[in-house]
4 protein chains.
Amino acid sequence: MSSSDSPTSRTGRPRSTEADAAILEATRASLVDLGWSKLTMGDVATRAKVAKTTLYRRWAGKNELVVDAVAVLFDELELPDRGSLAADVQGVVLQFAALLERPETRTALMAVVAESTRDDSLRRRIRSAIVDRQKRLVLLGRERAQARGELRYEADASTATRNADLIFDVIAGAVVHRTLVSAEPVDAEWASGFTTLLLLGLAGTQEP
Amino acid sequence: MSSSDSPTSRTGRPRSTEADAAILEATRASLVDLGWSKLTMGDVATRAKVAKTTLYRRWAGKNELVVDAVAVLFDELELPDRGSLAADVQGVVLQFAALLERPETRTALMAVVAESTRDDSLRRRIRSAIVDRQKRLVLLGRERAQARGELRYEADASTATRNADLIFDVIAGAVVHRTLVSAEPVDAEWASGFTTLLLLGLAGTQEP
Amino acid sequence: MSSSDSPTSRTGRPRSTEADAAILEATRASLVDLGWSKLTMGDVATRAKVAKTTLYRRWAGKNELVVDAVAVLFDELELPDRGSLAADVQGVVLQFAALLERPETRTALMAVVAESTRDDSLRRRIRSAIVDRQKRLVLLGRERAQARGELRYEADASTATRNADLIFDVIAGAVVHRTLVSAEPVDAEWASGFTTLLLLGLAGTQEP
Amino acid sequence: MSSSDSPTSRTGRPRSTEADAAILEATRASLVDLGWSKLTMGDVATRAKVAKTTLYRRWAGKNELVVDAVAVLFDELELPDRGSLAADVQGVVLQFAALLERPETRTALMAVVAESTRDDSLRRRIRSAIVDRQKRLVLLGRERAQARGELRYEADASTATRNADLIFDVIAGAVVHRTLVSAEPVDAEWASGFTTLLLLGLAGTQEP
DNA sequence: CCCTAAGCGAGACGGTACGTCAGGTCTTCGG
DNA sequence: CCGAAGACCTGACGTACCGTCTCGCTTAGGG
């Protein structure tokens, strides 16, 4: 997660793992208190009771640090089996919205995405640390729905991938837009309306 | 659009309207060259051949300036009548994606949205200058589709509004997510797949 | 004193003489409140209820304005006949010291002198508006002392001038240094000690 | 002399002593080229090849910096034994005048004195860094004259101090006034006339 | 059991940009 | 033409962070 993918240099004092944890924790705290644009490396260092050098030894800058600090939060998302595809979708929509309401994700997510439009390595980091990891939810949901007979098995693998990507963009995009751009609440009612729209659309594409 | 909503103070030298235009143009140019995070007020002032103070007299800061500079680009979006709802949706999806591919919008849009999560006045500015202005496309598209008989007229006004908002979040969200987060192209194929999904979903809700 | 030495241009609106007085008064007030370095043209204009342009039409800048504003205060110095040279000297020393204790002169005098070291026209202005005007006190004091028989009449005119200049520098210099550099009070005791020293010195040069 | 009178904090990177020297040197050079009022912290930093922050870390502002930069020049003043009190006084008068003719002292001295009239801490700094240090010359001169039998030993210590202060104010004041206010040269002739006046005055006060 | 290489804290360093302020000038309107 | 109002350009201000550096000290592993 942090940068040290090096072959574990054998000599010298090893890096403090406590520092790592303290820094990420401090980063989230700073995001909550100050927001993305006011967050500074110095402030994070102070909160984590760590020297600035220690931060820079591990992360190249604010962008990378925040991605790592926030990524772990997205792993909290789960897909408990609620018995039907509609319930599963609605559940994940509400979970995702709740995550986006948290101040640390709220302020950080769009900011790092914005930065990533001009920084390829950052975009790759975001994809691997956040985006791609959450596609698992779409894939898992589909599998369950297929097992239940709610969805057909897709014959063509590439079509299957394309569909999963589309669904992911629609769900994630709609929830993010509703939450951060429209700044309206994602409540059970909205989640229900959205889920209905999505599943009818999906069902339609599977008709003969 | 800029700050002077005052009742046009009668005395003193009036503000230069040329400066206004030059500043917004310079802001877009600076966004293209430097991106959001590297853009500075000083650079914009230099490009616009204007003093920094002249910027600050009109805009409170980088955020407000960029919103105004970018907002006008969104007004380019149109909804030419292509004869069917599907064609209209697909058309606007492609237009919107093309707009998001432009470097000035690409780097600016998410950034100001991110900032707006901690700044209510900024969020209001974004809504009035960008978001709400584009809902017109959804409303216009629905009217046309209703005139064509592709969609029913909605009896309940509040349901109608809710539906329009939902559709707007789904379209805008999906396109933004595909473009900026997934960083995959919005080509005719994707647009077609997305439009199909959306319209089937809409049709489904009108069946019974 | 102010700049308009033009041959009374016959046409157009005449300059407000009230404005002149108000500006000089405002300048002194600003000196008292803010001191030389914090005094600004804008503040003076505001206090005088006058536009900045009006100031610049009359004075080239802060330096010239302050010299004129302060010069008039030095004309308050007088040399009442106290019956003896010693009493006259002591009197003028105390008067001068009292003038230098006033905040407007205190802060302004050294400042404009400092500026004048790099600005010949300013130095000329200071000399004509302040310094040379006060030499009259030395000359008047000498005349009286000569009339009283306390001092001999000087035969050589250039020697007389040289002596007057020397005495002026010694008196003015000592009082200024005591007041502004040493920052010690010029009370009757000090004035007495200084006068004694000076007059004994003068007497000595006239002995043989 | 600079700010660090702290007990040498043991941790962190130590301050660069080269920077200290370069800054003071650059300050003097800037005074020569630009004069007090045009001197800027930025220019000094540039000349010293140092960041502006490095200046502000050591000095609170222009005033303090210039006092320190100029103070060292005053330490050049010496009192070589020329065999008689008159010769000693005349020598120091000419040295002091030569110092005041140098552009860096010329422009700086009166300026900082002017500022000090509104800033007690600055006045203390000037006194300790410049004024009081030069009183040594008066004291040394008196001691020598007493050793030579030219002056009596003063019985009362407080009277001795008062006299030394008076002489200091007279010498320094007269030379400064002649040089900077009257803007006339302090040549051997003037120095001789002044010395005669002063010593006769002193002699007179010691008669029975 | 010391040696050595790296980690660590502290804080100074050269920079860049900030947002503000003052200096002077220019442009409008009204007197 | 004068005067007020206020916008304009210029350039300096003092501050905040940046990311790097240089210290002296700590901490483990390998010889």
Side-chain angles (χ1 to χ4, degrees), chain A residues 4 9-16 18-19 38-46 48-62, chain B residues 4 9-16 18-19 37-43 45-46 49-62, chain C residues 9-16 18-19 37-46 48-62, chain D residues 4 9-19 37-43 45-46 48-62:
Chain A
S4 73
S9 59
R10 205 151 307 276
T11 159
R13 176 175 172 176
R15 290 193 180 161
S16 159
E18 294 174 23
K38 298 270 168 56
L39 176 149
T40 69
M41 297 298 268
D43 178 70
V44 171
T46 304
K49 291 178 186 164
V50 143
K52 259 200 302 174
T53 23
T54 302
L55 265 75
Y56 284 108
R57 208 171 283 125
R58 291 163 161 78
W59 289 276
K62 184 167 143 166
Chain B
S4 74
S9 62
R10 203 150 305 277
T11 98
R13 178 174 175 174
R15 290 198 179 159
S16 160
E18 294 173 25
S37 63
K38 299 273 168 57
L39 176 147
T40 70
M41 297 298 268
D43 178 69
T46 303
K49 290 175 188 168
V50 141
K52 248 194 315 172
T53 37
T54 300
L55 264 74
Y56 283 108
R57 207 172 286 121
R58 291 164 161 77
W59 289 277
K62 187 167 142 165
Chain C
S9 58
R10 207 155 303 278
T11 160
R13 176 172 172 178
R15 288 194 181 163
S16 159
E18 294 173 25
S37 63
K38 299 271 168 56
L39 176 147
T40 69
M41 297 298 268
D43 178 69
V44 171
T46 304
K49 290 174 187 167
V50 143
K52 261 200 298 175
T53 351
T54 303
L55 264 74
Y56 283 108
R57 209 171 281 124
R58 290 165 162 78
W59 289 276
K62 186 166 144 167
Chain D
S4 73
S9 63
R10 205 150 304 279
T11 94
R13 179 174 173 173
R15 289 198 179 158
S16 161
T17 55
E18 294 174 25
S37 64
K38 298 270 167 57
L39 177 148
T40 68
M41 297 298 268
D43 177 70
T46 304
K49 290 175 186 166
V50 142
K52 246 194 318 171
T53 38
T54 301
L55 264 75
Y56 283 108
R57 207 171 285 121
R58 291 166 161 75
W59 290 278
K62 187 167 141 165

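In the text below, chain A, chain B and the rest are named by the order of the sequence lines, each starting its count at 1. A quick note: this is a predicted structure, and the numbers were derived from the prediction, not measured.
- Here OG of C/Ser37 is found 9.5 Å from NZ of D/Lys62. Values are rounded to the nearest 0.5 Å.
- Following rounding to the nearest Å, C/Leu55 (CG) and F/dA5 (P) show an atom-to-atom distance of 13 Å.
- Proximity note for C/Arg57 (side chain, C-beta onward) versus E/dG7, E/dC13, F/dC2: the nearest is F/dC2.
- In this structure, D/Lys38 places its NZ atom 14 Å from C1' of E/dA22, rounding to the nearest Å.
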Between N or O atoms, less than 3.5 Å apart, protein on one side and nucleotides 19-23 of chain F on the other: list the pairs.
from: F/dG19; atom 1: OP2; to: A/Tyr56; atom 2: OH; distance (Å): 2.6
from: F/dG19; atom 1: N7; to: A/Lys52; atom 2: NZ; distance (Å): 3.2
from: F/dG19; atom 1: O6; to: A/Lys52; atom 2: NZ; distance (Å): 2.9
from: F/dC21; atom 1: O2; to: D/Arg13; atom 2: NH1; distance (Å): 3.1

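- With A/Lys52 contributing its side chain and A/Met41 its backbone, the two residues share no donor-acceptor pair below 3.5 Å.
- Map B/Leu39 and A/Ala19 each onto its nearest nucleotide of DNA chain E; the residue landing nearer the 5' end is A/Ala19.
- Nearest-nucleotide mapping onto DNA chain F: of C/Lys49 and D/Asp43, the residue sitting toward the 5' end is C/Lys49.
- Within the structure, a side-chain polar atom (N or O) of D/Thr54 is placed less than 4.0 Å from OP1 or OP2 of E/dG14.
- Taking all atoms of both residues into account, the shortest heavy-atom contact from A/Arg58 to A/Arg15 is NH2-CB, 3.4 Å.
- Applying the side-chain hydrogen bond (donor to acceptor under 3.5 Å, both in side chains) criterion to D/Thr53, with sequence neighbours excluded, gives no partner residue.
- The OG1 atom of C/Thr40 lies 4.5 Å from the CG atom of C/Asp43; values are rounded to the nearest 0.5 Å.
- Taking A/Thr54 as the reference, nothing meets the side-chain hydrogen bond (donor to acceptor under 3.5 Å, both in side chains) condition, with sequence neighbours excluded.
- Which of F/dC8, E/dG9, E/dC13 sits closest to the side chain of A/Val50 comes down to E/dG9.
- We find that CD of B/Glu18 is positioned 17 Å from P of F/dA7, with the value rounded to whole Å.
- For the pair B/Arg15 and F/dA5, the criterion of a side-chain N or O lying under 4.0 Å from OP1 or OP2 is not met.
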